[in-house]
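A short write-up of the structure that comes next.
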Amino acid sequence: MTKIGIILGSTRPGRNGEAVAKWVLEHASQRTDAEFELVDLKDHPLPHLDEPIPPSMGQYQGEHTKAWAKKVAEFDGYVFVTPEYNHSTSGVLKNALDYVYAEWNNKAAGIVSYGSAGGARAAEHLRLILAELQVATVRQQVVLPFATEFENFSVFKPGDYNLQALDVLLDQLVAWSTALKPLHAETASASV
Ligand SMILES: Cc1cc2nc3c(=O)[nH]c(=O)nc-3n(C[C@H](O)[C@H](O)[C@H](O)COP(=O)(O)O)c2cc1C
């Protein structure tokens with residue numbers, strides 16, 4: 001079964017991201033073509049990157065790095081739930097992405113973003129970062145503007161029309177994640 005990790009890219013106290021990620025998980029879990037798991041970066045605390053060798057060399061030294069690499073490797077694809085901080089994704093998500101390399105390669109991802117402009121600028125930045133990690137991002141995005149999808153900028157109340165966009169995103173993501181499986185299995189065995 002294809003496994004998809006839903007990565008919650010905010011660790012801020014009072015974060016809006018938690019409700020968004022749970023909404024994605026709840027809807028995605030109704031599907032039968034893949035398994036979905038919420039990966040909360042709060043449960044995987046990583047210091048600012050402290051690996052002496054660039055992660056693309058695959059010589060991880062820290063126990064926290066090895067544990068994170070193991071978690072990332074479990075999945076065939078990802079949904080990144082990203083806030084928008086200063087027109088980009090969050091620092092904590094960028095750091096988690098930077099930490100490992102081969103474990104991301106040749107996989108697929110979809111992006112769900114939120115912010116005053118739906119987090120669209122963060123999502124575009126994130127696509128560039130993911131391209132460098134050899135993660136193929138699907139076309140469909142889910143953008144959740146504060147003005148329409150959140151009450152008082154803090155209570156997530158998504159319109160049901162977002163579910164159609166989320167379904168298309170998940171259709172595309174499961175298809176690509178499944179199709180890329182042989183390729184990333186090869187990468188994984190080459191990096192052992
Ligand atoms: C450091 C910082 C920078 C922000 N910059 C932006 C921004 O550029 N655009 C935007 O729409 N919202 C911005 N915001 C508002 C966030 O999108 C909003 O606080 C959102 O709830 C953050 O996600 P989180 O609550 O899950 O951490 C910023 C918030 C913070 C803390």
Side-chain angles (χ1 to χ4, degrees), residues 1-11 15 17-18 20-47 49-51 53-82 89-90 92-113 123 126-127 129-138 140 142 166-167 169-192:
M1 181 72 94
T2 297
K3 277 193 80 179
I4 307 286
I6 299 167
I7 307 216
L8 168 45
S10 170
T11 54
R15 58 196 175 164
E18 188 169 337
V20 177
K22 285 183 173 163
W23 171 76
V24 173
L25 177 67
E26 193 185 313
H27 193 64
S29 297
Q30 294 168 23
R31 299 176 70 101
T32 53
D33 54 357
E35 284 171 7
F36 296 85
E37 180 182 320
L38 184 57
V39 180
D40 187 342
L41 294 181
K42 239 177 152 176
D43 299 331
H44 301 274
L46 295 163
L49 182 63
D50 63 356
E51 283 291 325
I53 300 169
S56 56
M57 307 296 283
Q59 297 171 42
Y60 308 143
Q61 301 195 4
E63 287 311 312
H64 52 279
T65 311
K66 291 176 189 167
W68 179 235
K70 193 163 168 271
K71 179 46 78 183
V72 173
E74 284 176 18
F75 302 104
D76 303 301
Y78 311 91
V79 177
F80 290 99
V81 176
T82 181
T89 192
S90 64
V92 72
L93 177 55
K94 176 64 162 62
N95 191 50
L97 286 165
D98 289 344
Y99 247 95
V100 297
Y101 186 75
E103 292 74 12
W104 298 116
N105 293 175
N106 297 320
K107 294 181 180 175
I111 299 173
V112 175
S113 61
L126 184 53
R127 281 183 190 274
I129 296 161
L130 292 171
E132 181 56 17
L133 290 168
Q134 302 186 62
V135 176
T137 51
V138 299
Q140 181 70 47
V142 178
L166 180 59
D167 278 333
L169 183 152
L170 293 171
D171 287 346
Q172 295 177 349
L173 176 61
V174 172
W176 280 17
S177 299
T178 305
L180 284 169
K181 267 192 205 183
L183 207 56
H184 68 71
E186 216 171 88
T187 320
S189 57
S191 65
V192 169

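Panel note: side chain Gln61, backbone Glu51; no donor-acceptor pair is recorded below 3.5 Å. For the pair Arg127 (side chain) and Ala136 (backbone), a donor-acceptor distance under 3.5 Å is absent. Side-chain atoms of Asn95 come within 3.5 Å of backbone N or O of Leu49 as a donor-acceptor pair. For Tyr99 (side chain) and Ala69 (main-chain N/O), no donor-acceptor pair under 3.5 Å exists by modelled atom type.
Electrostatic pairing of Asp43 and Lys71 does not count as a salt bridge here, judged by no charged N lying under 4.0 Å from a carboxylate O. Comment: Asp171 engages Arg31 in a salt bridge, judged by a side-chain N to carboxylate O separation of less than 4.0 angstrom.
Atom OG1 in Thr89 sits 8.5 Å away from atom CG in Leu130 (nearest 0.5 Å). Atoms CG and CG, on Leu133 and Asp98 in that order, are 7.5 Å from each other to the nearest 0.5 Å. For the atom pair CG of Asn106 and NZ of Lys181, the computed distance is 14.5 Å after rounding to the nearest 0.5 Å. Expressed to the nearest 0.5 Å, how far CG of Asp167 lies from CD of Gln30 amounts to 8.5 Å. To the nearest 0.5 Å, atoms NZ (Lys70) and OG1 (Thr65) are separated by 14.5 Å. One distance of note links CD of Glu37 with CG of Leu25; it measures 9.0 Å at 0.5 Å rounding.
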Start with the C-alpha distance between Asp40 and Arg15, add both sets of side-chain angles, then the distance that settles salt bridge (Lys or Arg N to Asp or Glu O under 4.0 Å), and finish with yes or no. CA-CA 12 Å; Asp40 187 342; Arg15 58 196 175 164; 2.8 Å; yes
Tell me, with the steps shown, if Val142 and Trp23 meet side chain to side chain contact (heavy atoms under 4.5 Å, CB included). CA-CA 12 Å; Val142 178; Trp23 171 76; 4.2 Å; yes
Evaluate Leu183 against Lys107 for side chain to side chain contact (heavy atoms under 4.5 Å, CB included), listing each step before the verdict. CA-CA 8 Å; Leu183 207 56; Lys107 294 181 180 175; over 6 Å; no
Walk me through whether Val72 and Val39 qualify under side chain to side chain contact (heavy atoms under 4.5 Å, CB included). CA-CA 9 Å; Val72 173; Val39 180; over 6 Å; no
Verify side chain to side chain contact (heavy atoms under 4.5 Å, CB included) between Ile4 and Phe75, making sure each step is shown before the conclusion. CA-CA 5 Å; Ile4 307 286; Phe75 302 104; 5.6 Å; no
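Looking at heavy atoms from C-beta onward, Ile111 lies in side-chain contact with Thr82 at the 4.5 angstrom threshold. Between Phe80 and Leu126, the closest side-chain pair of non-hydrogen atoms falls below 4.5 Å.
Between Tyr60 and Trp68, a ring centre-to-centre spacing not shorter than 6.0 Å is recorded.
The two residues Gly17 and Val81 make their nearest non-hydrogen contact at O-CG1, 4.1 Å. Residue Glu103 comes nearest to Ala73 through the heavy atom pair CG-CB, 3.9 Å, listed as atom of the first residue, atom of the second, then distance. Tyr78 and Leu173 make their closest contact through O-CD2, 3.5 Å (heavy atoms, listed as atom of the first residue, atom of the second, distance). Leu41 approaches Ala96 most closely through the heavy-atom pair CD2-CB, 4.0 Å. Closest approach of Gly9 to Ser90, counting heavy atoms only: O-OG, 2.6 Å. For the pair Leu97 and Ile129, the tightest heavy-atom approach, listed with the atom from each and the gap, is CD1-CG2, 4.0 Å.
With a 6.0 Å radius and a threshold of 12 heavy atoms from other residues, nucleotides or ligands, Lys66 has its NZ atom above the threshold. Summarising the local packing, CD of Glu26 is surrounded by 12 or fewer heavy atoms from other residues, nucleotides or ligands at distances under 6.0 Å. Counting non-hydrogen atoms of other residues, nucleotides and ligands closer than 6.0 Å to NZ of Lys3 gives a total above 12.
Under 3.5 Å, the side chains of Glu132 and Tyr101 contain no donor-acceptor pair of N or O atoms. Side-chain contact check for Asn105 and His184: no donor-acceptor pair (N or O, by modelled atom type) lies under 3.5 Å. Side-chain atoms of Thr2 and Ser177 include no donor-acceptor pair closer than 3.5 Å.
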